[in-house]
Amino acid sequence: MSFANERKYSKIRSSLHKFVKHGGKPIAVSSFCNALITFSSNLCAVRVIFDILMVTYVNNGNLDLALEAFKRAGDYGFKLSARSCNSMLQMFVKEGKMGNVEFVYKEMVRRRIMVNMITYNTVINGLCKAGKLNKAGDIVEDMKVCGLAPSVITFNTMIDGCCKKGGSGKMYKADALLKEMVEKRISPNEITYNILIDGFCKDCNVAAGIRIFKEMKEQGLRPSVITYNSLINGLCNDGNIDEAMRLRDDMVESGLEPNIVTYNAIMHGLSKNNMLKETQELFDDIVKQGVVVNVITFNILIDAYCKAGNMDEAVSACNLMLERMVLPNASTYNSLIGGYFREGNTKAAHELLDEMKEKGPRADVVTYNIRIDAMCKRGETRKAVKLLDEMSQNGLNPSHVTYNVLVAGYCHQGIPSAALTVKRRMEREGKRPNVVTYNVLIKGFCENGKLEDANRFLNEMLEKGLVPNRTTYDIIKEEMMEKGFFPDIDGHLYNASF
DNA sequence: ATAGGGTTAG
């Protein structure tokens, strides 16, 4: 592009920016496009203008209109650049709008827009984040067919997808991918190791995380603050605060400065281990040090107070947060609402729920789960089930917890048959019952004297490949065996973990 | 322009 053209385009860019900022409604997109092709004889310029228009919409966070422009360009047969399509894809991935990601990707291929490495990696990342690992694998095949070899970023993305997806053997699969990349002579980098370390730590296998950490150093790669944060977080969740602190010292010694994520992890670790005083002290300490604390820091502190039943301190922490111009989010409210419900202060809880409706952050799935749980505990499970409809009206998908709470509610009210209808509804909505669902159900049927049914669910759970946990065994022991009922499941299945 | 860390509910 010549210098004159470059200047022209920068003018176009700023005019388009103004257009997008003010009158860029969908109807305007189409009339704009019409005007463009009617009055311009320079089709190459029109192509570029479409491209800039789309990028400008993306940069202004107006993704619907960006998509509209993308579709229009297609209607008129203008080939957009991969670069601008990629930036739209990235935003759709960030917002979790996978339907749009898949549509744009397919369109790009159909319109023969040169799909590049970044396109592939972005789409693969989106699918991995949505838990659609098989589909992500299909895209990896697509890229191979098009002559592009998966890069270290592709592998890292896929490995992270494995680590973050639930299910048994996920770390085994992640490890297999690591082996595969090494075989293909692609060297794992610092990020590969960070992903694996975090994956093992989250899989309750800090020991494996430390092993990878050592391997990383042996490979001559330098651990970063992120590496340490993953390990510190893992150790804290393991209740091993001392070791976490030692690692923090290591980190400082190797010239790395702990950041707010480090402190949040440690504060959370302290509070989870009932060390409220230490949590509070660390908070005061970092504030004194001048560390900029964020909404997560406050949420951890507020939640610690709420769990300790100290609502007054929770509220003053909330006020301090506002003083420091940190805005509360849904999690902040959720902690407080949960705290009030727990101490039986329904009035205060509802005042906060009203405040959320009026001006606060939008209620999320957790807010509903807390409300539903409180209703169930009051013996109003039927009423709680009605909230499922309100959730979908607000565009929220009930989670496993939502259904599990309802199942527990009916069991607790002595109507396990109603609990079963919730389980069926859950399956209808495409949520597979998990270990907690079965634990609740098994316990519920046992407590209602229906041991045979409970045994049936135990077998069903095993058939589905779900791995019983400590709670399952406790239920079997206390609710079945101590009542003289011996479950007719394979003996080895429950002998192994005792 | 694409990949990695911290909070709430069962």
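What you see below is based on every heavy atom in this structure, not just the backbone, and it leaves out hydrogens, waters and symmetry mates. As the structure is a computational prediction, the values presented were derived from the model and not from experiment.
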List in chain and number order the residues that pass ring-ring contact (aromatic ring centres under 6.0 Å, His included) with [X], two or more places apart in sequence or in another chain; answer none if no residue qualifies.
X        : answer
A/Phe445 : A/Phe457
A/Tyr120 : none
A/Phe283 : A/Phe298

Just distance, no hydrogens or angles: give the donor-acceptor pairs under 3.5 Å from side chains in residues 131-138 of chain A, sequence neighbours left out.
| from | atom 1 | to | atom 2 | distance (Å) |
| --- | --- | --- | --- | --- |
| A/Lys135 | NZ | A/Glu102 | OE1 | 3.0 |

Any residue of [range] with a heavy atom less than 4.0 Å from an atom of DNA chain B:
range                       : answer
residues 204-220 of chain A : none
residues 302-311 of chain A : A/Asp303, A/Lys307
residues 372-381 of chain A : none
residues 146-158 of chain A : A/Ile153, A/Asn156, A/Thr157
residues 259-285 of chain A : A/Asn259, A/Ile260, A/Val261, A/Asn264, A/His268

If you apply the rule ring pair (Phe, Tyr, Trp, His ring centres under 6.0 Å), what do you find for A/Tyr263 with A/His268, and how did you get there?
CA-CA 8 Å; A/Tyr263 293 119; A/His268 187 221; over 10 Å; no

Between A/Glu429 and A/Lys431, does any NZ, NE, NH1 or NH2 come within less than 4.0 Å of an OD or OE carboxylate oxygen?
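No salt bridge links A/Lys431 with A/Glu429.
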
Which residue pairs pass the salt bridge (Lys or Arg N to Asp or Glu O under 4.0 Å) test when at least one of the two sits in residues 218-245 of chain A, sequence neighbours left out?
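Output for this query lists A/Glu243-A/Arg246.
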
Would you say a side-chain N or O of A/Lys164 is under 4.0 Å from OP1 or OP2 of B/dA3?
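No.
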
Treating A/Glu447 as the side-chain partner and A/His412 as the backbone partner, does any N or O pair qualify as donor plus acceptor under 3.5 Å?
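No: the side chain of A/Glu447 does not pair with the backbone of A/His412.
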
State, without any angle test, whether A/Glu390 and A/Tyr368 hold a side-chain donor-acceptor pair at a distance under 3.5 Å.
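A/Glu390 vs A/Tyr368: donor-acceptor pair found between side chains.
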
Can you see whether A/Asp285 engages A/Gln289 through a side-chain donor-acceptor pair at a distance of less than 3.5 angstrom?
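Present: a donor and an acceptor within the cut-off.
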
Counting only heavy atoms not in A/Arg378, do more than 12 fall under 6.0 Å of its CZ?
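Yes, the 6.0 Å shell around CZ holds more than 12 heavy atoms from other groups.
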
If the condition is salt bridge (charged side-chain N to carboxylate O under 4.0 Å, His left out), which residues does A/Asp51 pass it with, not counting sequence neighbours?
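Partners of A/Asp51 by the salt bridge (charged side-chain N to carboxylate O under 4.0 Å, His left out) criterion come out as none, since no residue qualifies.
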
Which residue pairs pass the side chain to side chain donor-acceptor pair (under 3.5 Å) test with at least one member in residues 144-155 of chain A, sequence neighbours excluded?
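Applying side chain to side chain donor-acceptor pair (under 3.5 Å) to every pair that reaches into residues 144-155 of chain A, excluding sequence neighbours, yields A/Asn121-A/Thr154, A/Glu141-A/Lys144, A/Ser151-A/Thr154.
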
